[in-house]
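Along the sequence shown, the residues carry numbers beginning at 1.
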Amino acid sequence: MTITSIPVPAQAPAAAPANIAELGLRESATFDRATIADIQRAAATGVYDIRGWGAKRKVPHFDDLLFLGASMSRYPLEGYREKCDTDVVLGDRYASRPLHLATPVTIAGMSFGALSANAKEALGRGASEVGTSTTTGDGGMTPEERGQSKHLVYQYLPSRYGMNPDDLRKADAIEIVLGQGAKPGGGGMLLGQKITERVAGMRTLPVGIDQRSASRHPDWTGPDDLEIKIGELREITDWKTPIYVKIGASRPYYDTALAVKSGADVVVLDGMQGGTAATQQVFIENVGIPTLAAIPQAVQALQELGMHRKVQLIVSGGIRTGADVAKAMALGADAVAIGTAALIALGDNDPRYAAEYSALGSAAGFYDDFQDGRDPAGITTQDPELSSRLDPVAAGRRLANYLRVLTMEAQTIARACGKSHLHNLEPEDLVALTIEASAMARVPLAGTSWIPGVRGSF
């Protein structure tokens, strides 16, 4: 069935009372205005809501953690005069050509099809300028991205859209995708309005017909089969290329352990705040667990197997600032990946397109209908006129600036904690502001030594 946007019948706006409070009206916490609007939309259209962006509900996140800067009992590094390294090596467990990146901030997988060719080129340009990697996403490798990416990770997804053994050999790493944070257990969507001749040709699909990605790989059902598949990919690439395994955060302890036992060089852990080009809103908001809750479980699995820092852990889902980067690394990550933040850096939701967002029934800073392919910024579209608005050189430069800022912010925090490398940050450097964050991150509640659920803490 082709899913299309069904217009809701226009209704004359009801006159709002001059002062709702004077009438004694109280908004329901269960049926707030957004929920009422969702019910009304479903009743009018008869289809579930599809959107991009990622979870919008508030969950415990990195904002609920604080760093303990050095003072007397810890010795800080002096400003910018004392070195704080940021480099990271990814995939040196088995691969003969691991990735050596200048910064631990990488670009997550976002497909050509979901994004325009100019956007993919811009991601490659920006990542390469600061010495980090970008990732293909579903749908295959484009010349624009490969040509501008110093380090390109090729995603190997259940759909196999665009899968080409020759492209596998051109990649600097291969990422086997088992799940995504916004939709663990579910496949993605690319609606017909974005299936142009080029996209259809790369994915072997009919033009203009909705594409639903498979939710699981067609040729295996468990970790034993995954081990065989990893072996096949190593043979194809002559054991040169690192093999990543990406999991959506739901049962990260067991999934991480099984990925390691299957032979993964790197585990990519995507929390529920991870973005998506398009999937069901009910999925985005109600499936998976927060990034903050997922990291300690994955790290525990690596530690118990004696593989922490030997099999690298990349964390994604809601990374926005250098503080987020530093906190993820303090909890045990080796690197992070950004998606939504990278699109914003390119120009997504830019206020200069405010009038056009308004014409689409949205607003700058709120636009999430990436599936419609009408993005005024030219990023999440296949429309030639719209996509031409995005200058890949200028957009790549903006992304590079943003990546530099993230790296410098993380360095600043690491120096304040007395660390000469971002990887030296540790849970001991953190405290939590809420009981929930303390329990999830397994760090003490600020001002105490108490970690909920941990014996001996108080």
Beyond-backbone contact of Val287 with Lys183, side-chain heavy atoms, under 4.5 angstrom = no

Please check if the side chain of Gln297 supplies one atom and the backbone of Ala293 the other of a donor-acceptor pair under 3.5 Å.
-> yes

List in chain and number order the residues that pass ring-ring contact (aromatic ring centres under 6.0 Å, His included) with His100, two or more places apart in sequence or in another chain; answer none if no residue qualifies.
-> none

Over 12 non-hydrogen atoms of neighbours within 6.0 angstrom of CZ in Arg251 | no

List the steps, then state whether side-chain contact (heavy atoms from CB on, under 4.5 Å) holds for Val282 with Tyr48.
-> CA-CA 8 Å; Val282 69; Tyr48 51 67; 5.8 Å; no

Any donor-acceptor pair under 3.5 Å from Asn118 side chain to Leu390 backbone = yes

Thinking salt bridges, do Arg33 and Glu27 make one under a 4.0 Å N-O criterion?
-> yes

Of the options Leu305, Val245, Asp255, which is the one that meets Val260 in a side chain to side chain contact (heavy atoms under 4.5 Å, CB included)?
-> Leu305

Should we say atom CZ of Arg309 is surrounded by more than 12 heavy atoms from elsewhere, each under 6.0 Å from it?
-> yes

Worked verdict on Tyr156 versus Val177 for side-chain contact (heavy atoms from CB on, under 4.5 Å) | CA-CA 6 Å; Tyr156 187 83; Val177 179; over 6 Å; no

Min side-chain heavy-atom separation Glu436-Asp64 under 4.5 Å = no

Show your reasoning for whether side-chain contact (heavy atoms from CB on, under 4.5 Å) applies to Met110 and Leu343.
-> CA-CA 10 Å; Met110 294 174 282; Leu343 298 186; 3.8 Å; yes

Distance col, row Gln312:CD vs Asp334:CG, nearest 0.5 angstrom, shows 5.0 Å

Using a 4.5 Å cut-off on heavy atoms from C-beta on, say whether the side chain of Lys170 contacts that of Tyr154.
-> no

Given side chains that start at C-beta, do those of Asp63 and Arg320 come closer than 4.5 Å, heavy atoms only?
-> yes

Are any side-chain N or O atoms of Asp265 and backbone N or O atoms of Asp92, one a donor and one an acceptor, separated by less than 3.5 Å?
-> no

Among Arg97, His151, Arg146, find the one that has a side-chain hydrogen bond (donor to acceptor under 3.5 Å, both in side chains) with Asp172.
-> Arg146

Under 3.5 Å, is there a donor-acceptor pair linking the side chains of Asp369 and Ser362?
-> no

Can you establish whether the number of heavy atoms outside Lys56 located under 6.0 Å from its atom NZ is more than 12?
-> yes

Flag side-chain contact, heavy atom, 4.5 Å: Leu302 against Leu313 | yes

List the steps and the verdict of side-chain contact (heavy atoms from CB on, under 4.5 Å) for Thr256 and Val311.
-> CA-CA 10 Å; Thr256 299; Val311 171; over 6 Å; no

Roughly how far apart are Phe370 CZ and Ile50 CD1, rounded to 0.5 Å?
-> 14.5 Å

Is a side-chain donor or acceptor of Glu285 paired with a backbone partner of Gln281 at a separation under 3.5 angstrom?
-> no

What residue among Thr381, Asp348, Leu123 forms side chain to side chain contact (heavy atoms under 4.5 Å, CB included) with Leu115?
-> Leu123

Hey, could you give me the NZ/CD distance between Lys120 and Glu145, rounded to the nearest 0.5 Å?
-> 3.5 Å

Does Arg169 reach the main-chain N or O of Ile236 with its side chain, forming a donor-acceptor pair under 3.5 Å?
-> yes

Spell out, as yes or no, whether a donor-acceptor pair under 3.5 Å connects the side chain of Glu121 to the backbone of Gln148.
-> no

Pick out which of Thr434, Leu331, Leu433, Val431 makes a side chain to side chain contact (heavy atoms under 4.5 Å, CB included) with Leu65.
-> Leu331

Quick one: do the Thr35 and Asp32 side chains pair a donor with an acceptor below 3.5 Å?
-> yes

For Leu422 and Ala410, the nearest pair of non-hydrogen atoms, with its separation, is CD2-O, 3.4 Å

Locate the shortest heavy-atom distance separating Tyr357 from Asn349; write the atom from each residue and the value.
-> OH-N, 3.0 Å

Salt bridge Lys83-Asp85, side-chain N to carboxylate O under 4.0 Å | yes

Which atoms form the tightest heavy-atom contact between Arg160 and Asp219, and what is the distance?
-> NH2-OD1, 2.8 Å

Ion pair Asp375/Lys194, N-O distance below 4.0 Å | no

How about Lys261: does its NZ atom have over 12 heavy atoms from other parts shown lying under 6.0 Å from it?
-> no

Could you grab the distance from atom CD1 of Ile230 to atom CD1 of Ile174, nearest 0.5 Å is fine?
-> 10.5 Å

Indicate whether any N or O donor in one side chain lies under 3.5 Å from an N or O acceptor in the other, for Thr103 and Thr407.
-> yes

Check for a donor-acceptor pair, side chain of Arg93 on one end and backbone N or O of Ala264 on the other, with a separation under 3.5 Å.
-> yes

Side chain Glu409, main chain Gly322, donor-acceptor under 3.5 Å = yes

N/O donor-acceptor pair under 3.5 Å between Arg442 side chain and Pro427 backbone | no

Only counting residues at least two apart or in another chain, list the ones meeting ring-ring contact (aromatic ring centres under 6.0 Å, His included) with His423.
-> His421

Please report the shortest heavy-atom distance between Ala122 and Leu346, naming the atom on each side.
-> CB-CD2, 3.8 Å

Taking the side chain as C-beta and beyond, is there a heavy-atom pair between Ser316 and Thr106 under 4.5 Å?
-> no

More than 12 heavy atoms of other groups within 6.0 Å of Arg398 CZ | yes

Sorted by chain and number, sequence neighbours left out, ring-ring contact (aromatic ring centres under 6.0 Å, His included) with Trp239 holds for none

Specify the closest pair of heavy atoms between Ala182 and Gly274, including all atoms of both residues, with the distance to one decimal.
-> CB-O, 3.3 Å

Between CD of Gln411 and CZ of Arg404, what distance do you get to the nearest 0.5 Å?
-> 12.5 Å

Shortest non-hydrogen pair, Pro76 vs Ala416, comes out as CB-O, 3.9 Å

Check: Arg389 side chain, Pro376 main-chain N or O, donor-acceptor pair, under 3.5 Å | yes

Rounded to the nearest 0.5 angstrom, the CE-OG1 distance for Met329 and Thr86 is 8.5 Å

Would you call Thr276 and Phe283 a side-chain contact if the rule is heavy atoms closer than 4.5 Å?
-> no

Kindly indicate whether the side chain of Tyr161, heavy atoms from C-beta on, has any atom under 4.5 Å from the side chain of Leu190.
-> no

Note: Lys419-Asp429 ion pair, threshold 4.0 Å (strictly below) = yes

Verify side chain to side chain donor-acceptor pair (under 3.5 Å) between Thr135 and Gln155, making sure each step is shown before the conclusion.
-> CA-CA 7 Å; Thr135 310; Gln155 279 198 333; 5.7 Å; no

